[in-house]
Amino acid sequence: MKILLAPAETKNEGGKDSSFSIDSFFLKHLYKKRLEIIRAYEEYISSLSLEELSSWFGLKNLKEVEKYKHTLASKPTMKAIQRYNGVAFDALNYNSLNEKAQKYIDENVVLFSNLFGPVKAQDLIPDYKYKQGAKLPKLNVEKFYLENFSKALDEYLGEEIIDLRAGHYEKFYKITKANVLTFKFIKEGKVISHWAKYYRGILLKYLAENSVSSIAEFMTLNIEGLKLKEIQEKKNIKLLIMEIE
């Protein structure tokens, strides 16, 4: 069983590892495809003024903009799961987990970067800025990864997937073959959106701490603060409506 997770707009700076290379990523046979996007990205941002980049990045602070204008090859890397921060990643608190739980995440979680595409939690990536939905000239990044990585992902992810992504990232990869578990969170009868990120992080932490290896195993367990309200099934997808207690 594998777990899919969305990234975050905000990143942690720095890193202890060297710059990225083919050995930084899983699906090594598709590394040249990743480079096509990376090179197109760097060529485009190098052509823009700081003011233009401010708009494209969605950043008002020009010092922040300048930081992200530098080439990615010059930047240190760290695990993708540690690079991102934000609501879901705060809830997960990867650095606080024991070695066994961290290894579970490293080996079983795939994130979907707006720039690097699908990356394992343990893949090594630099600090970068790519606003969700931003477009490169003559190149649709979501479509590119969908067309070039889907077959390899089908083979890698196997027969069972827990999908904790936000809806946007279905544009990068649509699950058509595996059995899928997804979630909707409600409180006092209303669907929550922003704080759904928090509970996705809580779910991932729970999966890691309990070394959950199948959907069937997950369905037998109780999660503190969440109550299963309803199950909706359609083809290969099982949607769990979770009530926040």
Side-chain angles (χ1 to χ4, degrees), residues 2-11 25-27 29-45 55-59 68 72 80-81 83-89 108-121 123 125 128-185 191-197 199-201 203-204 232 234-240:
K2 300 297 183 186
I3 304 155
L4 308 185
L5 187 66
E9 288 282 352
T10 52
K11 319 286 191 304
F25 301 98
F26 85 131
L27 303 179
H29 64 291
L30 293 173
Y31 181 66
K32 289 184 178 179
K33 289 294 182 183
R34 292 190 203 272
L35 286 181
E36 288 184 39
I37 297 293
I38 294 167
R39 287 166 179 163
Y41 165 85
E42 295 210 309
E43 181 179 336
Y44 182 59
I45 65 173
S55 176
W56 197 78
F57 283 151
L59 293 172
Y68 287 114
L72 296 173
I81 197 67
R83 175 64 69 192
Y84 298 108
N85 61 47
V87 175
F89 297 88
N108 294 297
V109 174
V110 175
L111 298 102
F112 287 77
S113 161
N114 290 296
L115 176 59
F116 295 104
V119 293
K120 285 182 70 174
D123 285 357
I125 62 173
Y128 70 96
K129 185 66 179 176
Y130 196 125
K131 184 173 65 176
Q132 179 180 302
K135 303 299 181 184
L136 292 174
K138 302 178 182 179
L139 187 58
N140 184 315
V141 174
E142 297 97 327
K143 185 178 180 181
F144 179 91
Y145 281 116
L146 179 69
E147 292 178 347
N148 290 284
F149 281 67
S150 288
K151 182 179 178 181
L153 284 172
D154 284 343
E155 294 173 357
Y156 175 79
L157 295 172
E159 298 180 355
E160 291 193 334
I161 296 171
I162 291 184
D163 191 354
L164 300 177
R165 298 176 297 173
H168 173 79
Y169 294 95
E170 294 178 7
K171 296 179 181 180
F172 287 78
Y173 175 64
K174 298 182 186 300
I175 308 167
T176 58
K177 298 180 180 181
N179 294 317
V180 187
L181 204 60
T182 64
F183 301 86
K184 183 181 290 186
F185 302 94
V191 176
I192 66 169
S193 54
H194 175 72
W195 283 103
K197 298 176 183 179
Y199 288 101
R200 291 186 186 113
L203 283 176
L204 179 53
Q232 297 178 2
K234 184 178 180 180
K235 296 183 178 179
N236 62 319
I237 300 174
K238 183 180 290 186
L239 172 64
L240 305 190

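Because the structure is a prediction, the values reported are computed rather than measured.
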Within-4.5 Å side-chain heavy-atom neighbours: L59 and K129: yes
I want to check something: taking the side chain as every heavy atom from C-beta on, are E36 and F144 in contact at a cut-off of under 4.5 Å? yes
Just how far is it from atom CG of L35 to atom CG of L30, taken to the nearest 0.5 Å? 11.0 Å
Any idea which heavy atoms bring G158 and A178 closest together, and the distance? O-CB, 3.3 Å
Quick one about Q132 and Y169 (side-chain donor to acceptor, distance below 3.5 Å, no hydrogens or angles considered), yes or no? yes
Where do G133 and E142 come nearest, in terms of heavy atoms and distance? CA-OE2, 4.1 Å
Tell me if the aromatic rings of Y68 and W56 count as close, with their centers under 6.0 Å from one another. no
Looking at CG of N140 and NZ of K135, how far apart are the two atoms once the value is rounded to the nearest 0.5 Å? 4.5 Å
If you count the non-hydrogen atoms of other residues, nucleotides and ligands that lie under 6.0 Å from NZ in K177, is the total more than 12? no
Would you say that F26 contacts V110 through its side chain, given a criterion of any heavy-atom pair below 4.5 Å between the two side chains? yes
Spatial distance of atom CG (L164) from atom NZ (K197) [nearest 0.5 Å]: 14.0 Å
Take a 6.0 Å sphere around CD of E9 and say whether it holds more than 12 heavy atoms from other residues, nucleotides or ligands. yes
What heavy-atom pair brings A8 and F89 nearest, and what distance separates the two atoms? CB-CE1, 3.8 Å
Between Y173 and D154, is there a side-chain donor-acceptor contact under 3.5 Å, judged purely by atom types and distance? yes
Give a yes or no answer on whether the side chain of R83 reaches the backbone of I125 with a donor-acceptor pair at less than 3.5 Å. yes
Check whether any side-chain heavy atom of F185 sits under 4.5 Å from a side-chain heavy atom of V191, and report yes or no. no
Heavy-atom check, side chain of F25 versus side chain of V119, under 4.5 Å: yes
Please test L181 against I161 for side-chain contact (heavy atoms from CB on, under 4.5 Å), starting from the C-alpha separation and ending with a verdict. CA-CA 6 Å; L181 204 60; I161 296 171; over 6 Å; no
Are L240 and K184 packed together at the side-chain level, in the sense that at least one heavy-atom pair is separated by less than 4.5 angstrom? no
Without swapping roles, check the side chain of N179 against the backbone of E160 for a donor-acceptor pair under 3.5 Å. no
Exercise: identify the closest heavy-atom pair between L146 and K174: CD1-N, 3.9 Å
Heavy-atom check, side chain of L72 versus side chain of E42, under 4.5 Å: yes
Under a 3.5 Å cutoff, is there a donor and acceptor pairing between the side chains of Y128 and S113? yes
Look up atom CG in L111 and atom CG in D123, then write down how far apart they are to the nearest 0.5 Å. 9.0 Å
Side chain proximity check, L203 to I162, heavy atoms < 4.5 angstrom: no
Might you point out which heavy atoms bring L27 and R34 nearest each other, and give the distance in Å? CB-NH2, 4.3 Å
To the nearest 0.5 Å, atom CG of L204 lies from atom OH of Y199 at 16.0 Å
Using every non-hydrogen atom in the two residues, find where L136 and Y130 come nearest and quote the distance to one decimal. CG-OH, 3.7 Å
For the CZ atom of F57 and the NZ atom of K131, what is their distance to the nearest 0.5 Å? 10.5 Å
R200 (side chain) donor-acceptor with A166 (main chain) under 3.5 angstrom: no
For D163 and T182, test the side chains for any donor-to-acceptor distance below 3.5 angstrom and give the result as yes or no. no
Has N148 got a side-chain atom pairing as donor or acceptor with Y145's backbone, closer than 3.5 angstrom? no
Taking the side chain from K234 and the backbone from Q232, do they hold a donor-acceptor pair closer than 3.5 Å? no
Please check if the distance between the ring centroids of Y44 and Y41 is under 6.0 Å. no
